[in-house]
Amino acid sequence: MTNIKNANILITGGASGIGKIMGRLALQKGAKSLIIWDVNAEALAETKAEFSLLGTVYTYTVNIADSDAVITTYKRVKEECGNVDILINNAGVFYFNDLCKTAEARINLMLHLHIRTVTQMCRLFGMDMRERGKGYILNMSSMSAWMTMPGIQCYNASKSYILNFSRSMWYEMKPHGVIVTAICPG
């Protein structure tokens with residue numbers, strides 16, 4: 001499903017960085033609508049103002065590290081925007097620090113965003129895509145998925161999870177018309 005023309009595309013972490021660039025390109029290439037989830041309300045409002053000149057944009061300020069917020073926002077999106085044709089799981093965090101010197105809350109946030117949230121998003125939106133017999137899920141991994149390096153132990157392990165999870169999902173979803181891919185920038 002590389003043709004994005006007339007697709008509803010949801011991007012997590014889409015108010016800045018790689019997610020924002022993907023959103024801009026999607027609208028320029030004819031996406032029906034862009035649905036952006038981000039925790040940063042100010043950046044989200046700026047991105048919506050900028051992108052509204054290119055097409056239809058829906059924004060949701062949501063902390064996707066909160067599983068209940070993901071479910072609530074998923075239901076709102078289905079109601080307000082219709083089906084999501086392409087899901088881009090882009091939201092994430094990065095820090096460089098010795099594990100023993102890193103605050104527990106910071107570790108939990110990273111692991112939740114990169115593992116639990118990606119899994120939850122793939123399951124929720126993947127069920128809908130599978131039922132319709134079409135869809136595309138793109139998960140943001142990292143070249144660090146293949147590295148062992150001090151200071152990024154949780155990051156590279158969680159990105160390795162995303163890569164391997166996506167490969168397994170590809171086998172499960174392909175017979176149902178849904179493609180799952182992970183990209184590993186770096």
Side-chain angles (χ1 to χ4, degrees), residues 1-41 43-64 69-92 113-114 116-142 159 162-163 165-185:
M1 184 163 180
T2 54
N3 184 3
I4 63 170
K5 214 161 192 49
N6 298 317
N8 289 329
I9 301 173
L10 189 155
I11 303 176
T12 64
S16 63
I18 292 172
K20 184 173 180 177
I21 293 166
M22 289 178 164
R24 182 182 297 113
L25 289 172
L27 288 170
Q28 289 171 342
K29 292 187 179 287
K32 179 180 175 184
S33 71
L34 181 63
I35 305 157
I36 305 172
W37 292 17
D38 205 288
V39 70
N40 185 331
L44 201 54
E46 290 171 10
T47 300
K48 182 175 184 172
E50 178 185 339
F51 285 4
S52 291
L53 301 173
L54 301 172
T56 304
V57 180
Y58 300 93
T59 57
Y60 297 86
T61 303
V62 57
N63 177 2
I64 64 171
V70 168
I71 292 168
T72 301
T73 310
Y74 159 79
K75 290 176 183 175
R76 281 186 59 204
V77 165
K78 283 186 63 130
E79 214 174 89
E80 297 169 9
C81 309
N83 293 324
V84 169
D85 302 301
I86 299 173
L87 168 64
I88 301 174
N89 282 311
N90 172 69
L113 274 175
H114 295 185
R116 179 66 185 116
T117 301
V118 168
T119 303
Q120 184 179 27
M121 294 289 287
C122 285
R123 183 174 179 276
L124 289 170
F125 289 98
M127 285 189 301
D128 295 340
M129 292 175 183
R130 184 177 166 152
E131 188 176 296
R132 290 191 315 272
K134 64 180 182 174
Y136 182 79
I137 299 171
L138 176 65
N139 294 322
M140 188 63 66
S141 183
S142 166
K159 292 299 185 171
I162 292 170
L163 178 61
F165 172 77
S166 299
R167 287 175 171 167
S168 295
M169 284 293 297
W170 182 87
Y171 286 105
E172 288 182 22
M173 300 297 272
K174 187 166 179 10
H176 303 282
V178 181
I179 303 300
V180 180
T181 305
I183 59 173
C184 302

Problem - Smallest separation among heavy atoms of Val84 and Met129, with atom names - result: O-CE, 3.6 Å
Practice task
Have a look at Ile4 and tell me which of Ile86, Leu25, Leu27 forms a side chain to side chain contact (heavy atoms under 4.5 Å, CB included) with it.
Solution key: Ile86
Exercise for the section: Quick one: which residue pairs count as a salt bridge (charged side-chain N to carboxylate O under 4.0 Å, His left out) with a foot in residues 8-19, not counting sequence neighbours? Expected result: none
Practice task
Specify the closest pair of heavy atoms between Lys159 and Ser141, including all atoms of both residues, with the distance to one decimal.
Solution key: O-OG, 2.8 Å
Problem - Student check: side-chain heavy atoms of Leu163 and Cys184 closer than 4.5 Å - result: yes
Problem - Among Lys134, Arg123, Lys78, the one residue meeting salt bridge (charged side-chain N to carboxylate O under 4.0 Å, His left out) with Asp128 - result: Lys78
Handout entry: Side chain proximity check, Asn90 to Ile18, heavy atoms < 4.5 angstrom
Key = yes
Practice task
Compare all side-chain heavy atoms of Ile162 with those of Met140 and state whether any distance is below 4.5 angstrom.
Solution key: no
Exercise for the section: Could you walk me through whether Leu138 and Met22 pass the side-chain contact (heavy atoms from CB on, under 4.5 Å) test, one step at a time? Expected result: CA-CA 11 Å; Leu138 176 65; Met22 289 178 164; 3.9 Å; yes
Problem - Smallest separation among heavy atoms of Ile9 and Ala26, with atom names - result: CD1-CB, 3.6 Å
Exercise for the section: Keeping the roles fixed (side chain from Thr12, backbone from Ala91), state whether a donor-acceptor pair exists under 3.5 Å. Expected result: yes
Exercise for the section: Might you point out which heavy atoms bring Met169 and Cys122 nearest each other, and give the distance in Å? Expected result: CE-CB, 4.4 Å
Exercise for the section: Find out whether Leu44 and Tyr60 are in side-chain contact, i.e. whether some heavy atom of one side chain is under 4.5 Å from a heavy atom of the other. Expected result: no
Practice task
Ignoring hydrogens and angles, tell me if any N or O in the side chain of Thr117 forms a donor-acceptor pair with the backbone of Ile64 under 3.5 Å.
Solution key: yes
Practice task
Could you pull out all residues at least two apart from Glu79 that satisfy salt bridge (charged side-chain N to carboxylate O under 4.0 Å, His left out)?
Solution key: none
Handout entry: salt bridge (charged side-chain N to carboxylate O under 4.0 Å, His left out) partners of Arg24, counting only residues at least two apart
Key = Glu50
Handout entry: Check: Asn139 side chain, Ala182 main-chain N or O, donor-acceptor pair, under 3.5 Å
Key = no
Problem - For Lys174, all residues meeting salt bridge (charged side-chain N to carboxylate O under 4.0 Å, His left out), sequence neighbours excluded - result: none
Exercise for the section: List for me each residue that meets ring-ring contact (aromatic ring centres under 6.0 Å, His included) alongside Phe51, sequence neighbours excluded, and say none if there are none. Expected result: none
Exercise for the section: Examine distances only and state if a side-chain atom of Asn8 and a backbone atom of Asp85 form a donor-acceptor pair shorter than 3.5 Å. Expected result: no
Exercise for the section: Report the residues that fulfil salt bridge (charged side-chain N to carboxylate O under 4.0 Å, His left out) with Lys32, sequence neighbours left out, ordered by chain and then residue number. Expected result: none
Exercise for the section: Over all heavy atoms of both residues, which pair between Val70 and Trp37 is shortest? Give the atoms and the distance, please. Expected result: O-CH2, 3.9 Å
Exercise for the section: Taking the side chain as every heavy atom from C-beta outward, state whether Phe125 and Ile137 have any pair of such atoms under 4.5 Å apart. Expected result: no
